[in-house]
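It should be emphasised that the depicted structure is a prediction, and the values quoted were computed from it without experimental measurement. Position 1 is the first residue of the sequence, and the numbers go up from there.
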Amino acid sequence: MATGKINVSADNIFPIIKKFLYSDHEIFLRELISNAVDATNKIKTLARLGEFKGELGDLTVQVHIDKKKKQLRIVDRGIGMSTEEVQKYINDVAFSGAEEFVKQYEGKVEKGAMIGHFGLGFYSSFMVSSKVEIKARSWKSENEKDGAHWSCDGSPEFDLKHCTRKDRGTEIILHIDGESEDYLEEHKIKELLKKYARFMSVPIQCGEKEERVNLAAEGEEAKYESVKKPDIINETEPAWTKKPSELSDEDYKKFYKALYPYSFEEPLFHIHINVDFPFDLTGILFFPKIKPNMELQKNKIQLYQSQVFITDNVEGIVPEFLTLLHGVIDSKDIPLNVSRSYLQADGNVKKISGHINKKVADKLEEMFKADRADFDSKWKDISMIIEYGMVTEEKFYDRAKKFNLFKSIVEDKHYTMEEYLGKISALQTDKEGQRVVLYASNAEAQHSYIQKAKAEGYDVILLESPIAGHSIQKFEGSEEKVRFARVDADLLDKLIPKGEERTSILSDKEVESLKSHVETVLDSKTYHVRTEALSSDDAPMMITVPEFMRRMKEMSATGGGGFMGMGDFPESYDLVVNTNHALAGKILQGEEQERASLISHAKDLALLQQNLLQGEALTAFVNRAMERLA
């Protein structure tokens, strides 16, 4: 028997482990199971290399709960440890590494800021235990008396002695402390195993489960009984560990359903990643149908390291726009035990992020070229991801220009950017030589404006995503002589100025008087009044929202663009008065009360056309209309 002090100079190392390093104490189970799986994989490797010549036997990792003794046991039949190896790996190496880690990060990062909270392996067990024991026997020894028994109560003091142990491998015994007794509940342990170990590469058993089986002999009447069988928690060969050629479309769908059992929609398509040089990266990414609220769709990609679940927060590991995807990424080259800022600066992570970016662009371009009609049909469901990528990733923008699509509302047809700019160049080029892309954000709400543009021979595209304002800024900043204008932002003559002017039937004096009358009735803080000589068939008044102001407010609402806070600006509109409409003459000739009524009614009609007449104002408008009908 030996007693001694663990090789660490700081006596308060255990309080630091418990209070500082981990925000989720449950991580201890992942650490211990990972160690058991690693030891098991090592014995399999030694057997394959011919160094271990004995019988491997059952390699299932066992998790046992004893509520009476308040013990949780993790047992493996891996390589095990001798007394000397316990001294070396448990007392010396592991703990000196722990001390170094704490010194490096204490005071530098927030509690729980470690990526995946992956930490100090075996010593995380002290977060939930008043005492921890190790019973082990090395694969190198055939003598049952060569076992090692180590114990520690959470102080730097330990006991290490020889013991008799029948099997090779390691058994970790946790004496669960009073504050952590929920880890003695089987449902709790199974829940954590399914969270962290559901795809680990060695079978893991926790308790038993009942299954209904037919015990009748062949030809006899069925006789079903409940039979208890080992409850194996995990799937040891998940889809991403296999070659794409080994999987069918149905296999991918089954895997998606296993990852997201509460998702009622199938993914649109998938990308299988399998790289072993110059870095290790495997995984399967699924393109879901993206809902309008992007934020609700994030954190769906699960990050693994050698089939051990780490986190579902992969920002900084995959390009930001791809956080909208679903699926799994697994890499041995992603560093752990580091702050998020360190991770984002890591060279391997940057390479991995760049490769995922490229793989997604490759897949989309391949689909676009292989079946344009099918790609067009999927566009509504994948456009958000592509649009987001073009805004946030310069390299992806350069690739995506080839397959990013604009949908013409007028023709109900999709065009690439190059195709569309070629289509509109003849009619929609202004006097400055800029090609003007007219767009609508809501085809129903802006229907009358779209129809007017169509009557003039112009085309209008639909841009309805929450980040359309950011996309437009990107397009205008990246493409030469291209300008976007929402179809209701102003009069068509103003949106696509060609140097032509219409003549007003009113004199200059009458125009000034008309403008003055309108300004007198309306709130100058809300309405900026201007007069235009339009067709007599056009509306008497029109409401427009200047393109710049509206776009900046939309971008502010979705974040970014340098215009945070503009969403709080009071509403203001341009009110265009048509001097060639018959109502202009009635306003000029009417008495003050009638004039005010005509102006208010025409203004409300203009607001109604833009879906801006709401609440009390809408009620008052309806009541006035009812009175006129009475």
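- A salt bridge between Lys494 and Asp430 is absent, with no side-chain N of the basic residue lying under 4.0 Å from a carboxylate O of the acidic one.
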field: Ile43/Leu59 under side-chain contact (heavy atoms from CB on, under 4.5 Å): CA gap, chis, key distance, verdict
entry: CA-CA 9 Å; Ile43 196 67; Leu59 296 179; 4.3 Å; yes
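- Ring pair Phe309/Phe199: centre-to-centre distance not below 6.0 Å.
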field: side-chain contact (heavy atoms from CB on, under 4.5 Å) assessment of Met541 paired with Leu605
entry: CA-CA 8 Å; Met541 292 185 187; Leu605 282 172; over 6 Å; no
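- In this structure, Asp371 CG and Ser377 OG are separated by 7.5 Å, a value rounded to the nearest 0.5 Å.
- With no hydrogens or angles considered, no side-chain donor-acceptor pair links Ser124 and Glu31 at under 3.5 Å.
- For the pair Leu607/Gln614, no side-chain contact is recorded, criterion being any heavy-atom separation below 4.5 Å from C-beta on.
- A distance of 9.0 Å separates NE2 of His272 from CD of Glu246, quoted to the nearest 0.5 Å.
- Checked against a 6.0 Å centroid threshold, the rings of Phe321 and Tyr388 do not count as neighbours.
- Of all heavy-atom pairs between Ile301 and Val314, the closest is O-CG1, 3.7 Å.
- At a threshold of 4.0 Å, the pair Lys401-Glu479 counts as salt-bridged, since one of the basic side-chain nitrogens sits closer than that to a carboxylate oxygen.
- The residues Glu476 and Lys474 are annotated as not salt-bridged, no charged nitrogen and carboxylate oxygen being separated by less than 4.0 angstrom.
- Considering CD1 of Ile271 and CD1 of Ile273, their distance stands at 6.5 Å, rounded to 0.5 Å.
- A side-chain donor-acceptor contact under 3.5 Å links Asp251 and Ser248.
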Derivation and outcome, side-chain contact (heavy atoms from CB on, under 4.5 Å), residues Leu491 and Arg530: CA-CA 12 Å; Leu491 307 174; Arg530 77 174 200 262; 4.1 Å; yes
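- Salt-bridge formation is not detected for the pair Asp312/Lys300: no Lys NZ or Arg NE/NH1/NH2 atom is positioned less than 4.0 Å from an Asp or Glu carboxylate oxygen.
- Within the model, atoms NE2 of His447 and NZ of Lys452 stand 14.0 Å from one another, a figure rounded to the nearest 0.5 Å.
- No hydrogens or angles considered: nothing links the side chains of Gln434 and Thr429 as a donor-acceptor pair under 3.5 Å.
- In the model, Gln307 has no side-chain atom that pairs as donor or acceptor with a side-chain atom of Thr241 under 3.5 Å.
- Two residues are said to be in side-chain contact when any heavy atoms from C-beta on lie closer than 4.5 Å; Ile204 and Thr60 fail this criterion.
- Using the six-membered ring where Trp is involved, Tyr252 and Phe286 have ring planes that are perpendicular, over 60° apart on the 30 and 60° scheme.
- The pair Lys423-Glu419 does not meet the salt-bridge criterion, since no charged nitrogen lies less than 4.0 angstrom from a carboxylate oxygen.
- Ion pair Lys413/Asp376 not flagged as a salt bridge, since none of the NZ, NE, NH1 or NH2 atoms sits closer than 4.0 Å to an Asp/Glu carboxylate oxygen.
- Between the side chains of Gln610 and Asp488, at least one donor N or O sits under 3.5 Å from an acceptor N or O.
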field: Asp38/Lys42 under salt bridge (charged side-chain N to carboxylate O under 4.0 Å, His left out): CA gap, chis, key distance, verdict
entry: CA-CA 6 Å; Asp38 184 53; Lys42 285 176 179 176; 3.2 Å; yes
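- Ring pair Phe475/Phe406: centre-to-centre distance below 6.0 Å.
- With values rounded to the nearest 0.5 angstrom, Asn313 atom CG is found 9.5 Å from Leu303 atom CG.
- Remark: Glu464 CD is loosely packed, at most 12 non-hydrogen atoms of other residues, nucleotides or ligands lying under 6.0 Å away.
- Salt-bridge formation is not detected for the pair Lys194/Glu235: no Lys NZ or Arg NE/NH1/NH2 atom is positioned less than 4.0 Å from an Asp or Glu carboxylate oxygen.
- Within the 4.5 Å cutoff, the side chain of Tyr397 has heavy atoms near those of the Ser478 side chain.
- Put simply, NE2 on His270 and CG on Leu325 are 13.0 Å apart, with the number rounded to the nearest 0.5 Å.
- Atom NZ of Lys44 is surrounded by more than 12 heavy atoms from other residues, nucleotides or ligands within 6.0 Å.
- Residues Val328 and Phe255 form a side-chain contact, since some pair of their non-hydrogen atoms from C-beta on lies under 4.5 Å apart.
- Looking at Ser448 and Gln609, their side chains come closer than 4.5 Å, going by heavy atoms from C-beta outward.
- You'll find the side chain of Phe269 reaches within 4.5 Å of the side chain of Lys378, heavy atoms only.
- At most 12 heavy atoms of other shown residues, nucleotides or ligands fall within 6.0 angstrom of atom CD in Glu237.
- Taking 4.0 Å as the cut-off between side-chain N and carboxylate O, Asp412 and Lys407 count as a salt-bridged pair.
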field: Intermediate values then yes/no, salt bridge (charged side-chain N to carboxylate O under 4.0 Å, His left out), Lys351 and Asp333
entry: CA-CA 10 Å; Lys351 290 176 185 176; Asp333 292 326; over 6 Å; no
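- Side-chain atoms of Pro288 and Tyr256, non-hydrogen and from C-beta on, do get closer than 4.5 Å to each other.
- Ionic pairing of Glu365 and Arg399 is present here: one or more N-O contacts between side-chain nitrogen and carboxylate oxygen are shorter than 4.0 angstrom.
- Ring centers of Tyr260 and His326: under 6.0 Å apart, within the cut-off.
- Using a cutoff of 4.0 Å between basic side-chain nitrogens and carboxylate oxygens, Lys195 and Glu26 are scored as salt-bridged.
- Distance alone, capped at 3.5 Å, places no donor-acceptor pair between the Asn578 side chain and the Ala533 backbone.
- Pro466 is listed as a side-chain neighbour of Met384, based on a closest heavy-atom distance under 4.5 Å.
- Of the N and O atoms on the side chains of Asp459 and Tyr420, at least one donor lies less than 3.5 Å from an acceptor on the other residue.
- When only modelled atom types and interatomic distance are considered, Glu320 and Thr392 share no side-chain donor-acceptor pair under 3.5 Å.
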